[in-house]
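If you read the sequence from its start, that first residue is 1, and numbering goes on from there.
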Amino acid sequence: MRQSLMRSFDQIYVIDLHGNAKKKEVAPDGSKDENIFDIEQGVAISIFVKKPGLERGVWRGDWWGKRLEKYKQGVEKTLEKSAGTNLTPATPFFLFAPRNGILSDEYISGWPVPSVYPVNVLGFQTHRDSFAISFSEVEMKKKLSDFMNPRLSDDDLIERYGLKNNRDWSLQEARSARRSGKAKPPQLVAYRPFDERWSEFSNLTMDFPRRELIDHVEGRFNPCILVPRQIGTPIWRHAFLCELPAESCLISSDTKSQNYVYPLWSYGKNGSRSENLSPAFRDFIDKRYDGHHYEAEQILGYIYATLHAPTYRRRYAEFLRIDFPRIPFADKRKDFETLSHLGAELIEAHLLKDVPRRGLGDYHGRGDNSVEKPRYVEAEERVFINDTQSFAPVPKAVWEFHIGGYQVLDKYLKSRKGRTLSLDEINHFAAVANVLAFTIEQMEKIDDAWRKAFPDRG
């Protein structure tokens, strides 16, 4: 769009008024930055001039500070004084913002994740999670039983489950199709970080189960990298992995940060399996390391490690916020293999196939295991779920650890507020606490290896 605007207009002036509460913007001097309106989204003034003979270009200015100060600038400043910085927007993003040309060229030289994994798709969307997603198989079966019950009218189901027809789904049609024998049994899906739920994975209960997930992931335990195309928050920590069909908001509830799913394997109609790597990338990676052929799992490990390298996330933060991640590949085979191994260990932990033991999250106290109001007591390194029962020890760094837009442990418990934890959920919480502690340690090792692989990118 920005490239098209540059072609269509002779002069473009952009005055960024900032004030984006979602990004928690502050002025360059650290002072408070306010929106000129009572909204969270940032605001800008853009003026487009179309007049042959004018000097072509893009100019920009930034107004920071309090609302009244911005009003005053709007009254007193001229356009030339407000947008006095001449920009040179360049491919591929054509940003109307100052850019570090060297850093941009460095980042763009990496491989975009979609160019590595050609089979990919946005995660599934139900648009009726309270009905289509359940904590247990029993709960899901009960919903589906009600769905099929001829004694319950459509109005009964609408009242009981809050169901609504929309452009892509009709309650009447879904019930009719289910009665004709098109139903599937409930199955597990990946709903939030380390939080699997039950669902009937089909268009009878959800709007968009996604054909790619049905063909390549459903029932196959196919490792999938999850990353968004862009994010609406200042910090990029939006990478995860699962083996089940993944919901679009698994990484973040922010619609701008919805995650795409990149399976490791693709499957043919006859069930044959092949690596989900583009021919161009396979050719590149084989030539990169003197003809050595790395397996798809080894490449996955390297990519997953890179996405978890703190230096990578910091250095390329401005680019990660606006498009799919790009992956740089180390020059030396040894560095590739080191990162691949570290990434593989992290994958095994995140899939809970190899849970490191750190002695965290033991369950304490007597009670009914009900989640009332989760709260963290830092001095005790303890997470209470009610007045008498808690998990400990849980170090502060583990409790505050985020994946995407979610504080993982806090989200897991708050999602179960008003429910009674099962023994499996109690054990699962402890396992996740241990995995998060391992993740923190592993990210430090990954960062050391990444900085050695890219000594000029620290």
Side-chain angles (χ1 to χ4, degrees), residues 113-114 117-135 137 139-140 143-144 147-148 154 157-158 161-193 195-232 238-267 269 276 323-324 404-406 415:
V113 174
Y117 298 109
V119 174
N120 60 79
V121 70
L122 183 67
F124 74 81
Q125 296 169 309
T126 76
H127 294 158
R128 58 192 62 82
D129 285 10
S130 60
F131 176 75
I133 304 293
S134 298
F135 284 97
E137 185 179 14
E139 288 179 28
M140 194 67 236
K143 292 176 183 177
L144 297 177
F147 202 65
M148 288 286 288
D154 291 348
L157 292 176
I158 289 171
Y161 294 112
L163 299 175
K164 295 180 182 180
N165 293 334
N166 61 25
R167 182 197 64 185
D168 304 295
W169 188 82
S170 162
L171 174 59
Q172 296 81 4
E173 292 176 4
R175 295 189 81 186
S176 176
R178 188 169 180 82
R179 292 191 186 106
S180 67
K182 295 182 179 179
K184 291 182 177 180
Q187 65 172 285
L188 284 169
V189 295
Y191 188 65
R192 295 292 180 263
D195 194 354
E196 297 172 356
R197 307 278 180 90
W198 287 89
S199 176
E200 183 203 47
F201 189 65
S202 78
N203 55 14
L204 298 188
T205 56
M206 56 182 67
D207 287 2
F208 304 114
R210 308 295 181 196
R211 170 52 55 186
E212 291 83 351
L213 297 182
I214 293 172
D215 289 346
H216 304 287
V217 182
E218 182 187 8
R220 301 186 187 278
F221 295 96
N222 188 357
C224 303
I225 283 182
L226 310 177
V227 289
R229 180 168 190 169
Q230 55 185 336
I231 64 171
H238 294 62
F240 195 56
L241 184 136
C242 64
E243 288 185 314
L244 299 170
E247 204 267 343
S248 66
C249 292
L250 189 152
I251 287 180
S252 175
S253 60
D254 177 12
T255 55
K256 193 174 182 180
S257 308
Q258 291 180 319
N259 46 262
Y260 283 72
V261 183
Y262 299 87
L264 177 63
W265 306 106
S266 62
Y267 289 82
K269 293 182 179 180
N276 179 30
D323 202 6
F324 291 117
Y406 302 116
S415 296

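- Considering Gln125, Arg167, Arg128 as possible partners of Asp207, the one that fulfils the side-chain contact (heavy atoms from CB on, under 4.5 Å) test is Arg128.
- In this structure the side chain of Ser252 never reaches within 4.5 angstrom of the side chain of Gln258, judged on heavy atoms.
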Please walk me through it: do Trp265 and Asn276 pass side chain to side chain contact (heavy atoms under 4.5 Å, CB included)?
CA-CA 5 Å; Trp265 306 106; Asn276 179 30; 5.7 Å; no
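- Between the OG atom in Ser248 and the CG atom in Asn259 there is a gap of 6.5 Å [rounded to 0.5 Å].
- In this structure the side chain of Arg192 reaches within 4.5 angstrom of the side chain of Cys249, judged on heavy atoms.
- In this structure, His216 and Tyr267 have tilted ring planes: the angle between them lies in the 30° to 60° band.
- Heavy atoms from other residues, nucleotides or ligands lying under 6.0 Å from CD of Glu173 number 12 at most.
- Side-chain contact between Gln230 and Asp323: absent, with no pair of heavy atoms (C-beta onward) separated by less than 4.5 Å.
- For the pair Cys224 and Leu264, the minimum side-chain heavy-atom distance is 4.5 Å or more.
- In this structure, the ring of Tyr161 has its center no less than 6.0 angstrom from the ring center of Phe147.
- Atom OG in Ser266 sits 11.5 Å away from atom CG in Asn120 (nearest 0.5 Å).
- Once rounded to the nearest 0.5 Å, the distance linking CG of Leu226 with CG of Leu122 reads 10.5 Å.
- Inter-residue side-chain proximity for Glu243 and Pro223 is flagged as met; some heavy-atom pair is nearer than 4.5 Å.
- In this structure, Arg220 places its CZ atom where more than 12 heavy-atom neighbours from other residues, nucleotides or ligands lie under 6.0 Å away.
- The pair Glu247-Arg197 fails the salt-bridge criterion, with no side-chain N (NZ, NE, NH1 or NH2) lying under 4.0 Å from an Asp/Glu carboxylate O.
- Side-chain contact between Trp198 and Glu139 is absent, with no heavy-atom pair separated by less than 4.5 Å.
- Counting only heavy atoms from C-beta outward, the side chains of Ile251 and Ser257 never approach each other to under 4.5 Å.
- Among Val189, Leu244, Leu188, the single residue meeting the side-chain contact (heavy atoms from CB on, under 4.5 Å) criterion with Ser199 is Val189.
- Atom CZ of Phe240 is separated from atom CD1 of Ile225 by 12.0 Å, given to the nearest 0.5 angstrom.
- Ring geometry for Phe201 against Phe124 counts as perpendicular: the plane angle is over 60°, on a 0 to 90° scale with 30° as the lower cut.
- When all heavy atoms of Gly232 and Lys256 are compared, the closest pair comes out as CA-CD, 3.9 Å.
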Apply side chain to side chain contact (heavy atoms under 4.5 Å, CB included) to Leu144 and Arg178, showing your working.
CA-CA 9 Å; Leu144 297 177; Arg178 188 169 180 82; 3.5 Å; yes
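- Put simply, CG on Asp195 and CG on Leu250 are 8.5 Å apart, with the number rounded to the nearest 0.5 Å.
- Side-chain atoms of Val261 and Glu212, non-hydrogen and from C-beta on, never get closer than 4.5 Å to each other.
- The aromatic rings of Tyr262 and Phe324 stand perpendicular to each other, their planes meeting at an angle above 60°, with 30° marking the opposite boundary.
- Separation of atoms CG (Leu163) and CG (Leu171) is listed at 6.0 Å; rounding is to 0.5 Å.
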